[in-house]
Amino acid sequence: MPRYDAKRLEPKWQAYWEEHQTFATGPFDPAKEKMYVLDMFPYPSGAGLHVGHPEGYTATDIVCRYNRMKGKQVLHPMGWDAFGLPAEEYAIKTGTHPAITTAKNIETFKRQLKSLGFSYDWNRELATTDPDYFRWTQWIFLQLFDTWYDASCEWTGPDGVKRIGRGRPISELPIPADVTANSEAAVRRYQDQHRLAYQHEAPVNWCPALGTVLANEEVVDGKSERGGHPVERIPLRQWLLRITAYGDRLATELDNLNWPESIKLMQRNWIGRSEGAEVDFFIGGTDSLDVVDWTMERESGTFPKEPSENTLRIYTTRPDTLFGVTYMVLAPEHPAVDRLTTPEQRAAVDEYRQQASFKSDLDRTELAKTKSGVFTGGYAINPVNGEKIPVWIADYVLISYGTGAIMAVPAHDERDFEFAEKFGIPKRPVVAPGEVFEPGDSFRGIKGGLQSASDDPSKTDERIAALKPEYDLWREEVLTANRVFTAYFSRESICEQILPSGIKVFLHFGTTAVNSGKYDGIESLEFKSKITADLAASGLGRKAVNYRLRDWLFSRQRYWGEPFPLWHELDANGQPTGLLRVDAESALPITLPEMADFKPTGTPEPMLSKAPESWLFQTAPDGTKLKRETNTMPQWAGSCWYYLRFVDNKNAAAFIDPQLEQQWLPIDLYVGGAEHAVLHLLYSRFWHKVLFDRGHVHTAEPFQRLVNQGMILGEVEFTGYEKSAGEWVSSAEVTDDEDGNAIFKATGEKLATVKLSSDAVKKSGDSFVLADQPDIRIDSRAYKMSKSRGNVINPDKVVEEYGADSLRLYEMFMGPLEAVKPWSMQGVEGVFRFLSRVWRTITDDRADDVRLNPAVQDTTPAEPQLRLLHKTIKAVTHDFETLGFNTSISRLMEFMNEVTNWNVRPISIMRPFVLLLSPLAPHIAEELWQLLGGTTTLAYEPWPTFDPKLVEDSVIDVPVQINGKLRAKITVAAKADQASIEAAARSEDSIVSQLEGKTVIKVVYVPGRMLNFVVK
RNA sequence: GCGGGAGUGGCGGAAUUGGCAGACGCGCUGGACUUAGGAUCCAGUGCCGCAAGGCGUGGGGGUUCGAGUCCCCCCUCCCGCACCA
């Protein structure tokens, strides 16, 4: 009588695995191939696990279980990203110490994860909040603090790759003689300026509601990513990490990683490398003698490292448009604004700067629709032609990018164009769309482009397609002044040809310099490198690379984070001197002080400034008074390197044993959500590269293969809109306002949203409509799970009702791992039924105890049974290799559909089947394995292999087509040749009738796949 | 606006990469067993048509003996970025 009872089986096997330490990795075994499979560890929130977590975790668990059976040694750990704001916010509300909340949440998460039967090696568990862990987070920070980036260092790493640029110990930083001559303090300050971890006073994103500053990455549309609170910009001393030094390597070393292209692209875009030039403009007055002096001085010397008082330095990606500059713009915060502002303009400039300083990023973005700005009254001299250029300030130029100043070329830049339009500034075109040739012209050139004169683009393509074979045209994206478009090109052969009317031929398409003095006629790209070189030769400019990426704002003002292992030296008056000291490695970890009250200070002053004096102050052996750094590290710090600690989580002497690092890294498979595409993954790679440069790890990249699981949405909902009860509005007439309310487009009135059941609606055309009012369209959509929407699925409930195996199986069966998919409770029901069927097929559900179904017998399997098994083994193995879990499950279902029809189910067929099922649904598989004679866990049973001879059918169905249309199917021997298949087809009734009165002009045969008669 | 991804039955999704469209599951219809069925089993299920047959992978065009898959144009949805000079 025992039916499939997940509630009985699952705890039983979970206890077994724990008792037998089934999934302990054990010491590294050189005889086996290693595999390191990692999940992005969760933040243990108070809400517990949601169904999104087990999606990726199940996928990795299957991979691990499968590979253990394939004989690999698998490292599969789990831990907790446990620092973070929610626990601290809870502390503010309730007074409960964040450590207590965190421990409780971890316990819940762990219980939930264990209930799902994941094969983690729990001996390797760690939390970023463990002093033993953050001891080493602090240690790595000290490494960053001890490192400077030598951009010109050429070296070959342990991976055999030659690189330019390396993080090196600060002790190796060359100190200029004038600094050395000064004082020891000057040397220390010089070093501090070059460290990868450095202090900087700059406008930062201050979020009053959260009581902390945020990294740029944590601010979305001027609001905090977490909580959506407004963010202001205020100047503050902050710790930054010099991630920009690694910008190039972070971008280029993505190339060889097995990551989704979309994620690589997002990272590249985030880094935003651009190549251009820095150019100096003279702003020391408009007296021509001064200008000449300045220019001559430049020609004799070199391009200064920092621009002097009388110089304005700009960054541009298009130095070839220098002749088109008609004005310049400084960011309002730019230090040269004061110098350039004339007395007449002073008031206007001050007012504008004042306004800009009040504006948060949100305001700036919102007002971005119209350009604003003020003329300073000052002028700069264009270094290429000596022209006097008016200098403006405007907030569309950002102080934090490039040099905070631009040359404006309104003829070729959309933003400059808008600004110039608004303020009546002239525009001077300097890039011509190339020479235009009319039909009948002849020309010479290396490359010609074609564009239709016709307005109808489809006609262009038609014409060009017609020309293709004749001229061997190819299609190419072309970069012009400020946009990219498509053009067709041909080789020289086209040049002397007369083209059909309506098509123009371009030479040097869209890229020729005009109005640029001696540079006229030069192709833009060539011009760009030429003028950059010319400017460099005369000391006026240099090639420059810029990044959209900013240095990483690394300090937070909250309590629940890692303290910095740093001290500020104080002078006799107790004021910081600006000089720093670090804690000795032996002093780590620096733990958080006990505090009675977790309320933020309400000011940008860090929480820890309220710490007890004994924690805050100490006196160094040399008598210097010291005060602790009171900022804490951001949550990202702990997640930057946890994958390293998992390898060797109990090591008290080092953050990781070098040999173990060699053996286990890199991570072979890393699975997590795409929301970490830039933040965590970029920060982690950055730290890893610093550790690599300093010789602590042997690979340049931590995560060889990355897979993003898609988000799981709530169940599909049908939503209708009503003006009043029963008065429906078609969803086509509905729009959203800013707060997400439904609005009737025609009148702007608010509408009520009504959730409808699936039988109240029906499909009509592309959309759903009300079943009884087909003219009313209904929205059909699945939404992100959220508490407010009430569509959150609790995995505990699913386990309670159907069991962990069903939850696991369903999450994998929903669709491809990477896809966004809506939840469906009925779908869970479906896989549960499948497992029940598996259970009934192998056990005797009419017996009182668990025993084998009488149909399961120790007999020799029949050939069709063997064939089915081997085909299933082949398919499932292939699907596991490609992470195609949804299809692997359907293969197992197909297998079961057959087996239920068998009166005799040979044990030698059922045992391998159970093994195939086991990575997906391990609990039921263990139970059935035991029943089928297994004496220990099946976790290390060899993975079943297939016999190639048994996966091919001896008789196959071949579809027969006439003119590509399916007309018949014939059954033939797999080895049959074309002639016999054709003969068989020709004797098929339906084919005979179809061929009557027609001539077969061709027969296409694809071996084993299909036969096609082409007839007339 | 820019960049990326995706549009296949009532629904989730399959389709050795150009070769039988809709595997598998859900749902639905009918039947069996049942006091009962929201358990289980059997049969059916893309659309139109009594049938023969025709039509079908967002829309339009093209290449091919043959297109969900390749090429061109367009539409819709999702995700990311958004004054980065």
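Any value given below was found using the heavy atoms of this structure, including those in side chains, with hydrogens, waters and symmetry copies removed. Predicted model only: the values in this text are computed from it and were never measured. Each chain gets a letter, A, B and so on, in the order its sequence line appears, and its residues count up from 1.
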Item to check | Residues A:Asp416 and A:Lys427 bridged, charged N to O under 4.0 Å | outcome: no

Checklist entry - Do we get A:Arg3 above A:Trp839's six-membered ring, with its NZ or CZ under 6.0 Å from the centre and within 45° of the axis? => result no

Between [N] atom [atom2] and [X] atom [atom1], what is the distance in whole Å?
{"X": "A:Ile393", "N": "B:C83", "atom1": "CD1", "atom2": "C1'", "answer": "16 Å"}
{"X": "A:Asp5", "N": "B:A39", "atom1": "CG", "atom2": "P", "answer": "18 Å"}
{"X": "A:Trp259", "N": "B:G5", "atom1": "CH2", "atom2": "P", "answer": "18 Å"}

Checklist entry - Checking A:Asn853 side chain against A:Arg840 main chain: does a donor-acceptor pair fall under 3.5 Å? => result yes

Item to check | Side-chain (A:Asp551) to main-chain (A:Ile243) donor-acceptor, under 3.5 angstrom | outcome: yes

Counting any heavy atom closer than 4.0 Å, what does [X] reach on the DNA or RNA strands: base, sugar-phosphate only, or nothing?
{"X": "A:Asn897", "value": "sugar-phosphate"}
{"X": "A:Asp416", "value": "nothing"}
{"X": "A:Gly830", "value": "sugar-phosphate"}
{"X": "A:Val820", "value": "sugar-phosphate"}

[atom1] gap between [N] and [M], integer Å:
{"N": "B:G37", "M": "B:A51", "atom1": "C1'", "value": "39 Å"}
{"N": "B:G10", "M": "B:G4", "atom1": "C1'", "value": "31 Å"}
{"N": "B:G19", "M": "B:A67", "atom1": "P", "value": "11 Å"}
{"N": "B:C81", "M": "B:U63", "atom1": "C1'", "value": "37 Å"}
{"N": "B:U69", "M": "B:A21", "atom1": "C1'", "value": "11 Å"}
{"N": "B:C20", "M": "B:A15", "atom1": "P", "value": "13 Å"}

Checklist entry - Is a donor-acceptor contact shorter than 3.5 angstrom present between the side chain of A:Lys969 and the base of B:C20? => result yes

For [N], which nucleotide is its Watson-Crick or G-U wobble mate, given both distances must be under 3.5 Å?
{"N": "B:U45", "value": "B:G27"}
{"N": "B:C77", "value": "B:G5"}
{"N": "B:A15", "value": "none"}
{"N": "B:C83", "value": "none"}

Item to check | B:G9 glycosidic torsion: syn (within 90° of 0) vs anti | outcome: syn

Checklist entry - For B:G25, does either OP1 or OP2 sit under 4.0 Å from a side-chain N or O belonging to A:Asn886? => result no

Item to check | Any A:Arg891 side-chain nitrogen or oxygen under 4.0 Å from OP1 or OP2 of B:G25 | outcome: no

Item to check | Neighbour count >12 (heavy atoms, 6.0 Å) for atom NZ, A:Lys422 | outcome: yes

Checklist entry - Do the two ring centres, one from A:Tyr327 and one from A:Phe419, sit under 6.0 Å apart? => result yes

